[in-house]
Amino acid sequence: MRIGIIPGMLLVCCIATLHAQNPDSLRNVSLSEIVVTENYQYLRNRNTTLHLDVVGKDFLKEHFSGNLMQTLEQLPGVHSMDIGSGFSKPVIRGMGFNRVSVTENGIKQEGQQWGADHGLEIDAFNVEQVNIRKGPASLLYGSDAMGGVVEITQAAPPFDDQVFGEVSLLGKSVNGLFGGSVMLGVKKERWYTRLRYSEQHFGDYRIPTDTIVYLTQKIPVHNRRLKNTAGFERDASLFTQYRKGRYMGNYAVSNAYQKVGFFPGAHGIPDPSRVEDDGSSRNIELPYSFVNHLKATTHQEYAWEKLLLQWDLGYQNNHREEWSRFHTHYGTQPVPEKDPDKELAFILNTFSSGVKARLTGSSVWDHSAGWDMQYQRNTIAGYSFLLPEYTRFTTGVSWLTTYKPTDVLSVSGGLRYDIGKTDISSFTDSYLETYLREQGYSQEVIDRNKVRSHAVDRTFGDYSASLGVVWSPVKEHLLKANIGHSFRLPGANELASNGVHHGTFRHEQGDPDLDSERGWQLDMAYSFFGKFFSVTVSPFVSWFSNYIYLKPTGEWSVLPHAGQIYRYTGAEALFAGGEISVKVDLPLHFTYELGGEYVYTYNCDEHIPLSFSPPGSLRNTLSWEKKRMRFYAEHQYIADQNRVARNEDPTPGAQLLHLGAGFRIPVGGTDIELTLSARNLLNTKYYNHLSFYRKVEIPEPGRNFQLLIKIPFKKLLK
């Protein structure tokens, strides 16, 4: 039986209603196949004025890499800021760090997002569905969402009572990765519970070069393996949900542990002796970092006839450390008695709460209100100093209204106001004070620099607003436009950091007088959905009256071996660009897809581009799919990035070839899923402009063959 999307939705709703009234009434009902002819993303895009990509299980399986952001960067406008071959963080339309929020189960992930030297502490095996919101989302998610949102959501539980599970195995050739994940779940009447454990181990990864250059010094790469880039990851999670009548509640607990080495040739002063082959590609030596992220969340909701009330509550503990052989530029600093090689440590505790109410008073009006709160406390340790201890409290209220007089037109608008209070502790460096005195500096200079962080107690208040329209004159055409004002409260690192961070290779200094980041954005999109052809074009432009960035000051740091100071500064800035997606269904089961993107950034005060601007790119993919098999070939074009900020290196472009295949093999009543891929098949030497290692001219990993095996199973319960 094949039915259209609207009748299909009505049928599913009727079945769900009947099941809720009498769970036993459907046990003997047999239905033949239902094929929904339009996808979930199509429906979601018609209900929001912001650009939204909905990524489901099929996409995640096809592009799975063991790393969430490297999987999602297949989407136009989405990039991963890589740290070697293991970890990445999101960049959307040229914005990253604290400008992109990542949420899971309704709670924003908090894990020192400002740092460029570590990735997301999220189990990629445990991600079932992702919503990507491109553009300003401060209205819905508050501060830290002005660049976009990566929203990780749970897939719907199975309809029948059953015990189910999945075993996944992953292998990669480029770094000898082997990993796996085991999931076990049960759906029994009103309860749905799922357990998962995942683990990955990888060695030093291969790059297509024998030599790199750091600070004009040539450093050898023995056996074309980047020494000490091995690591491992262990993740465990529990999710349980209970539903009865109009009530639904779920609870989730997860813990993610990651440890990865840093290439010693790019950590501190370059020294070829530190990169000599040690005979092992899987050991983790100094320097390295580790992070442990514990998270507990709950979602509660109750539905009346016209009112839906939701409450999200969460606690997170993010413990991050960087270890490096003890070294000091101050003769008076002793070796610590405990953990002498612990260079930096940050322990961030976050409590989050969000209440939302949705009122559907009539068939044409939809109102939503929200109230969010968050409290953070960050403590520090280690023999180096970069960021002081601080506490931060934010709260905000929002209102969003949608008016939909017909199926053709929808208008949405909303307001939000947030208050944030940041209390930063002072930090006096007695070793620096002694060093400056021994170097003959004046007392004025000593007094000005010995206090690495002054006490800061500031309160911020900012608003965001949005007005958008969705117009669909006929089923095949969809036009969207949204204009909005967004904001971002300055982070503690932007207000008070003051030290040399080996991860960024410079002395970074905050400014306690910074104001909030503010900007206006215009976002548009046109989509055509034909029978054999679809296309979406999404242009955008953003203007910021106060965009916070790291500015080279020309001032020489008094810290030894630190170079000039880079200070967080506000400036007028412009972002513009867009994405295009095309899909064509060809004869003989072939499909052609094109995805392209471009971002233009401009610092209006300095009359130069902004740093970390991704280059333009195009992906051309030809695939063939029939029954239980799928094959694809992809050509990826990456343009030169010559529009760079001051003291930022340009990056040459590249052309890459990727191949892949997927199979579903019926064995013992289940389908074993095999996904094969060959990335960078020609072993091309190229650079990722956003990579953590780009500054030291380390190219991206070379040719990589990957195998993913998934073995699902289930047993129906009587």
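Treat the numbers as computed from the prediction; the structure is a model and nothing was measured.
Formation of a donor-acceptor pair under 3.5 Å by the Q706 side chain with backbone atoms of F64 is found in this model. The closest donor-acceptor contact from the side chain of Q316 to the backbone of E110 lies under 3.5 Å. Between the T229 side chain and the F263 main chain, no donor and acceptor come within less than 3.5 Å of each other. In terms of modelled atom types and a separation under 3.5 Å, the side chain of D341 and the main chain of F326 share a donor-acceptor contact. Panel note: side chain D123, backbone F125; a donor-acceptor pair is recorded below 3.5 Å. A donor-acceptor contact shorter than 3.5 Å links the side chain of E517 to the backbone of I548. Panel note: side chain K295, backbone Q109; no donor-acceptor pair is recorded below 3.5 Å. Looking only at distances, a side-chain donor or acceptor of N680 sits under 3.5 Å from a matching main-chain atom of T684. No donor-acceptor pair under 3.5 Å is formed between the side chain of N292 and the backbone N or O of N255. T601 places a side-chain N or O within 3.5 Å of a backbone atom of L610 that can act as its donor or acceptor partner.
The two residues K685 and P208 come nearest to each other via the heavy atoms CA-CG, 3.6 Å. Between S542 and F540, the closest heavy-atom pair is OG-CD1, 4.3 Å. Considering all non-hydrogen atoms of both residues, A645 and S611 come closest at CB-N, 3.6 Å. In terms of heavy-atom proximity, D640 sits nearest to P652 at OD1-C, 3.5 Å. When all heavy atoms of V100 and G147 are compared, the closest pair comes out as CG2-C, 4.4 Å. Between S168 and K710 the shortest heavy-atom distance is OG-CG, 3.5 Å.
The residues E276 and K227 are annotated as not salt-bridged, no charged nitrogen and carboxylate oxygen being separated by less than 4.0 angstrom. The pair E606-K551 counts as a salt bridge, with a side-chain nitrogen and a carboxylate oxygen less than 4.0 angstrom apart. Look at R567 and D511 and you find no salt bridge, because none of the NZ, NE, NH1 or NH2 atoms lies under 4.0 Å from a carboxylate O. At a threshold of 4.0 Å, the pair R679-E700 does not count as salt-bridged, since none of the basic side-chain nitrogens sits closer than that to a carboxylate oxygen.
The closest side-chain donor-acceptor pair between Y632 and H658, if any, does not fall under 3.5 angstrom. Between the side chains of S497 and E508, no donor-acceptor pair is found at a separation under 3.5 Å. Between T350 and Q376, the side chains place a donor N or O and an acceptor N or O closer than 3.5 Å (distance only, hydrogens not considered). Side chain to side chain, T103 and E151 fail the donor-acceptor criterion of an N or O pair below 3.5 Å. For the residue pair D235 and N126, no side-chain donor N or O sits within less than 3.5 Å of a side-chain acceptor on the partner. A donor-acceptor contact closer than 3.5 angstrom is absent between the side chains of S237 and S254. With 3.5 Å as the limit, one finds no donor-acceptor pair spanning the side chains of Y435 and D429. Inspection of the Y257 and H293 side chains reveals no N or O donor paired with an N or O acceptor under 3.5 Å. There is a side-chain donor-acceptor pair under 3.5 Å between N378 and Q112. Residues H222 and D210 bring no donor and acceptor atom of their side chains to less than 3.5 Å of each other.
Between E579 and R93, the closest side-chain pair of non-hydrogen atoms falls below 4.5 Å. Counting only heavy atoms from C-beta outward, the side chains of I284 and F232 approach each other to under 4.5 Å. P90 is listed as a side-chain neighbour of V102, based on a closest heavy-atom distance under 4.5 Å. I92 places a side-chain heavy atom less than 4.5 Å from the side chain of I132. Inter-residue side-chain proximity for H201 and F178 is flagged as met; some heavy-atom pair is nearer than 4.5 Å. Taking the side chain as every heavy atom from C-beta outward, S557 and I565 approach each other to under 4.5 Å. Side-chain atoms of L495 and L514, non-hydrogen and from C-beta on, do get closer than 4.5 Å to each other. At a threshold of 4.5 Å between non-hydrogen side-chain atoms, the residues V91 and F612 do not count as touching.
Checking N704, L659, L656 one by one against L681, the side-chain contact (heavy atoms from CB on, under 4.5 Å) holds for a single residue, L659. H689 pairs in a side-chain hydrogen bond (donor to acceptor under 3.5 Å, both in side chains) with only one of the listed residues (Q641, R694, E648), which is E648.
Distance check, rounded to the nearest 0.5 Å: NZ of K172 to OG of S65 gives 5.0 Å. Considering OG of S453 and CG of L387, their distance stands at 8.0 Å, rounded to 0.5 Å. The line from CZ of R619 to NE2 of H635 is 11.5 Å long, rounded to the nearest 0.5 Å. For the atom pair NE2 of H63 and CD of Q70, the computed distance is 13.5 Å after rounding to the nearest 0.5 Å. Considering CD1 of I207 and CZ of R224, their distance stands at 8.5 Å, rounded to 0.5 Å. In this structure, CD on E62 lies 11.0 Å from OG1 on T71, to the nearest 0.5 angstrom.
Within 6.0 Å of CZ in R325 there are 12 or fewer heavy atoms belonging to other residues, nucleotides or ligands. The environment of Y637 atom OH is sparse: at most 12 non-hydrogen atoms of other residues, nucleotides or ligands sit within 6.0 angstrom.
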Evaluation steps, side chain to side chain contact (heavy atoms under 4.5 Å, CB included), between V174 and F202: CA-CA 9 Å; V174 73; F202 51 91; over 6 Å; no
Worked verdict on E597 versus S617 for side chain to side chain donor-acceptor pair (under 3.5 Å): CA-CA 6 Å; E597 62 204 351; S617 67; 2.6 Å; yes
Stepwise side chain to side chain contact (heavy atoms under 4.5 Å, CB included) test for V644 and D649: CA-CA 7 Å; V644 293; D649 296 325; over 6 Å; no
Chi angles and distances behind the side chain to side chain contact (heavy atoms under 4.5 Å, CB included) call for W323, E343: CA-CA 5 Å; W323 288 63; E343 184 174 8; over 6 Å; no
Evaluation steps, side chain to side chain contact (heavy atoms under 4.5 Å, CB included), between H319 and L348: CA-CA 6 Å; H319 184 176; L348 178 65; over 6 Å; no
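The aromatic rings of F575 and F544 lie perpendicular to each other, with more than 60° between the two planes, well past the 30° mark.
Cation-pi geometry between R488 and W114 is not satisfied (NZ or CZ under 6.0 Å from the ring centre, within 45° of the ring normal).
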